[in-house]
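Here is how names work: the chains are called A, B, and so on, in the same order as the sequence lines, proteins then strands, and each is numbered from 1.
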Amino acid sequence: MTDLQVFFQQLITGLSCGMIIALIALGYTMVYGIVELINFAHGDLFMLGSFLALTIIGALGLDQVGVDSLVSWGIFPLFIAAPVFCGALNWGVDRFAYRPLRDAPRLAPLVSAIGVSFVFLNLGLFWGGAPMQVFNMGGAAAAPKDFPALVSNRNLLGDSVIQFTAKDLLVMGMTIPLMIGLTVVVKYTRLGKSMRAVAQNATAARLMGIDVDRVIGATFVLGGALGGVASVVYAIYNNTIYFQMGYRAGMDAFTAAVLGGIGNLPGAVLGGIVIGVVRAMSDQYIATEWTNAVVFSILILVLIFRPSGLLGAAVREKV
Amino acid sequence: MAGVRYARILYTKTHWILLAFALLLPLLDLVIPREYQFTDLMRPIFIFAVLGLGLNIVTGYTGLLNLGVAAFMAIGAYSYAILTCDIYPFQIGFWPALALTLVIGACAGAVLGLPTLRLRGDYLAIVTLGFGEMVQDSLKNLESITKGIQGINPLPNPVLFSYTFRPDQHLPWYYLFLGILCVMVLLNRNLEHSRIGRAWIAIREDELAATCAGVNPMAAKLLAFAMGASLCSLSGALWACYLGSSGEPGNYDFQISTIALCIVIVGGMGNVSGVLLGAFVMIGFNSIVLVKVSSFLTQKGMISSGNVLSNPNNWKYMIFGFALILTMRFRPEGLLPSRRVKAELHLMHRESMARAKKAAAK
């Protein structure tokens with residue numbers, strides 16, 4: 001591989017990882033935009049989504065389906081079940097853990113979110129010990145689980161040295177339409193309009209006849225569903241899942257959301273892609289073990305010069 | 001005037017009762033059977049109480065969300081280890097090392113605070129979170145200095161005058177750590193009512209109003225960050241001393257930071273007694289109740305390795321999580337709130353109740 005080829009290879013890897021990060025980051029940034037809450041449980045929700053996907057694979061015996069074509073048909077039920085599950089779970093969390101705290105000080109829902117994240121983490125540990133063949137029965141509950149290869153690793157560029165696999169295509173084919181769809185929903189639908197209204201001023205929105213709690217609930221469902229899609233894409237892309245993966249992924253995604261300007265949807269996507277590419281480049285050109293430090297140094301540098309993130313509007317403190 | 005104030009602060013009745021309780025607690029070991037004794041397991045509570053007091057300065061008084069206290073704890077533990085371990089040229093002994101750890105921690109806090117303190121709330125939180133990760137990774141990667149994942153060990157036993165604390169006798173250790181905690185409690189109480197403490201609380205309530213009243217917010221916040229970090233480093237040094245090793249970098253992860261935050265918030269933000277109670281409840285559960293229950297169940301042969309549900313340690317985060325959610329739901333001011341925070345919350349509660357009533361009347 002020449003230097004240029006290495007660079008392009010890392011760019012492709014970075015873009016794919018970055019898009020997955022962006023999908024998770026959207027969940028953080030939507031919730032933050034509307035209720036100003038760092039939803040710490042989002043990363044662990046994402047983890048539960050991938051465990052559900054693996055359970056479904058085990059239940060339907062999808063891991064037995066060989067990949068002779070590029071994509072096994074088995075991914076379709078996953079892409080329906082995981083978003084529905086994560087969306088519903090996220091709605092439930094909002095309903096029972098966050099909604100009662102709307103009038104409480106800012107730290108209260110945050111601590112509640114940390115609590116939910118602990119509960120999810122623990123559920124993931126228990127789920128990993130489930131007596132199913134796909135969960136590596138008899139192995140430790142905490143051990144990483146193999147996720148069957150449902151999408152082929154074949155290079156779509158033929159004999160080229162640079163690898164662009166069907167997995168990369170899947171990531172982009174799933175994420176880009178979703179982002180366009182989300183933009184349409186937020187910009188042009190009634191729900192999107194209400195979401196923007198609640199984000200700007202909840203009291204005024206209520207006076208205009210908007211059911212604020214319903215809109216917030218819908219935001220949680222949307223954010224959770226995106227996390228659910230991300231969990232399946234991540235599991236197929238990386239072929240391994242473990243119950244602590246929500247922390248790492250959530251951290252990257254949250255950093256992406258802040259980097260782009262938290263509360264800003266295009267910002268989250270941009271932040272995710274920047275983080276993905278920076279990670280890939282740092283793995284190649286600096287050293288893998290320093291990648292986290294590189295990511296956070298860039299975050300701190302960006303925040304020092306643009307305290308509201310890359311695309312965030314400078315907010316004047318209310319007096 | 002100063003004398004009157006100090007008298008009130010030093011002789012708060014609750015603290016006397018707590019102190020008497022803590023001093024007499026080891027007597028229980030005389031009456032309860034060997035396998036239920038827990039005095040030797042109390043040290044983590046004291047260490048985490050010091051950590052909680054450090055975070056209480058930053059989050060409780062000043063209202064800055066810090067999600068990276070584990071980093072300062074790690075800095076403290078490694079500084080202490082490097083200053084005392086015999087594979088390094090320093091070997092300056094227990095007390096000088098503790099004192100230097102405080103200074104190093106304060107410097108680390110200032111280094112993090114200087115560029116980042118002008119960020120707004122949640123941006124500051126993510127930067128501190130990132131700092132925690134960076135410190136952990138740096139400790140892991142700088143193997144020539146930190147010995148990587150092995151940690152630095154063995155560390156010498158602390159010496160007080162000519163008495164050496166040996167690991168097999170846990171009672172002297174208990175009183176040593178209790179003594180250090182008492183000094184820190186005293187320091188915190190006095191800080192809270194000092195000029196700078198009142199400035200911190202004013203910033204928490206309303207930064208703009210505090211600035212108008214003549215508080216320099218940057219200086220006060222920086223001082224809060226430095227002092228908080230310095231207490232957190234001290235807790236790290238004590239932790240290293242307790243383990244006899246710096247521990248591995250992975251020990252100082254995000255879980256530690258969240259547990260510290262929970263100690264402060266569940267106990268009662270901005271209140272020293274609350275932090276002590278929070279540490280007692282959270283760490284007491286983690287390092288005494290869980291340990292005793294698992295050893296009991298192991299004895300009875302009720303823990304099977306194949307069933308993940310049978311080991312009580314696997315339930316830890318579930319219980320922690322529900323405790324946090326329920327505390328926030330039913331007592332958001334914490335178990336023992338400071339009077340000021342409680343008054344505010346109840347005022348707010350009354351307002352929201354009035355709003356709800358109006359809405360219902362409609």
Side-chain angles (χ1 to χ4, degrees), chain A residues 32 36 38 40 96-97 100-123 125-131 137-138 140-142 247 251 254-255 257-259 262 287 289-293 295-297 299-301 303-304 307-309 315 317 319, chain B residues 59 63 65 115-116 118-127 129-138 140-141 207-208 253-255 258 261-262 265-266 269 305-309 314-330 332-333 341 344-345 348-349 351-352 355:
Chain A
Y32 189 90
E36 297 213 331
I38 304 173
F40 268 104
F96 295 104
L101 301 175
R102 293 267 198 267
D103 287 329
R106 294 266 319 267
L107 274 179
L110 184 78
V111 176
S112 213
I114 294 177
V116 174
S117 122
F118 279 176
V119 172
F120 281 180
L121 186 71
N122 217 152
L123 283 177
L125 175 65
F126 289 163
W127 203 334
M137 211 159 73
Y247 174 64
M251 182 85 106
F254 181 51
T255 311
V258 172
L259 187 68
I262 192 156
E289 65 266 27
W290 286 106
T291 293
N292 287 333
V295 167
F296 282 111
S297 314
L299 176 78
I300 292 176
L301 279 181
L303 287 184
I304 287 172
S308 306
V315 185
E317 291 273 334
V319 179
Chain B
T59 304
L65 186 54
T116 57
R118 69 196 186 99
L119 299 174
R120 285 189 301 127
D122 298 308
Y123 289 92
L124 180 66
I126 177 76
V127 169
L129 183 66
F131 181 72
E133 289 288 299
M134 279 164 71
V135 167
Q136 209 184 318
D137 282 356
S138 306
K140 220 174 279 172
N141 298 338
E207 189 172 335
L208 189 71
D253 60 358
F254 181 59
Q255 310 287 11
T258 44
L261 189 68
C262 296
I265 289 175
V266 170
M269 236 176 46
S305 60
N307 186 354
V308 56
L309 298 175
N314 289 342
W315 288 85
K316 183 166 82 179
Y317 285 112
M318 185 75 82
I319 296 168
F320 263 31
F322 274 110
L324 290 183
I325 297 169
L326 293 177
T327 316
M328 286 305 113
R329 178 75 182 76
F330 295 107
E333 70 269 33
V341 172
E344 274 161 32
L345 277 170
M348 219 168 344
H349 185 63
E351 274 170 10
S352 67
R355 220 181 304 152

> If you take all heavy atoms of Ser297(A) and Met134(B), which pair is closest and at what distance?
Replying inline: OG-CE, 3.7 Å

> Is any side-chain heavy atom of Asn292(A) closer than 4.5 Å to a side-chain heavy atom of Lys140(B)?
Replying inline: no

> Which residues pass the salt bridge (charged side-chain N to carboxylate O under 4.0 Å, His left out) test with Arg118(B), sequence neighbours left out?
Replying inline: none

> Is there a side-chain contact between Ile262(A) and Tyr123(B) (heavy atoms, below 4.5 Å)?
Replying inline: yes

> So how far is it from Met328(B) CE to Ile114(A) CD1, rounded to the nearest 0.5 Å?
Replying inline: 9.5 Å

>> What part of Ser138(B) gets within 4.5 angstrom of chain A, counting heavy atoms only: side chain, backbone, both, or neither?
In response: both

>> Only pairs of heavy atoms separated by less than 4.5 Å count here; which of Ala323(B), Cys262(B), Gly321(B), Gly63(B) has the most with chain A?
In response: Gly321(B)

> Hey, what do you get for CG (Asn122(A)) to CZ (Phe320(B)), rounding to the nearest 0.5 Å?
Replying inline: 11.0 Å

>> Within the 4.5 Å heavy-atom criterion, are Thr258(B) and Phe118(A) side-chain neighbours or not?
In response: yes

>> Do Phe254(B) and Met251(A) make a side-chain contact, defined as non-hydrogen atoms from C-beta onward lying under 4.5 Å apart?
In response: no

> Closest heavy-atom contact between Leu123(A) and Met318(B)?
Replying inline: CD2-CE, 3.8 Å

>> Quick check on Ile325(B) against chain A: is it the side chain, the backbone, both or neither that has a heavy atom closer than 4.5 Å?
In response: both

> Atom CH2 of Trp315(B) and atom CZ of Phe126(A): how far apart are they, to the nearest 0.5 Å?
Replying inline: 4.0 Å

> Non-hydrogen atoms of chain B under 4.5 Å away: do they reach the side chain of Ile38(A), the backbone, both or neither?
Replying inline: side chain

>> Is Leu65(B) in contact with chain A via its backbone, its side chain, both, or neither, using a 4.5 Å heavy-atom distance?
In response: side chain

> What part of Phe40(A) gets closer than 4.5 Å to chain B, counting heavy atoms only: side chain, backbone, both or neither?
Replying inline: side chain

> Who are the side-chain hydrogen bond (donor to acceptor under 3.5 Å, both in side chains) partners of Glu207(B), not counting sequence neighbours?
Replying inline: Lys221(B)

> Quick one: of Leu299(A), Thr291(A), Val116(A), who has the most non-hydrogen atom pairs under 4.5 Å with chain B?
Replying inline: Val116(A)

>> For Phe322(B), is the CZ atom crowded, meaning more than 12 foreign heavy atoms sit under 6.0 Å from it?
In response: no

>> What's the separation between atom OH in Tyr247(A) and atom CD in Gln255(B), rounded to the nearest 0.5 Å?
In response: 8.0 Å

>> For Ile304(A) versus Pro115(B), what's the shortest heavy-atom pair and its separation?
In response: CD1-CB, 3.6 Å

> So which of Leu303(A), Ile300(A), Leu121(A) has the biggest tally of heavy-atom pairs under 4.5 Å with chain B?
Replying inline: Leu303(A)

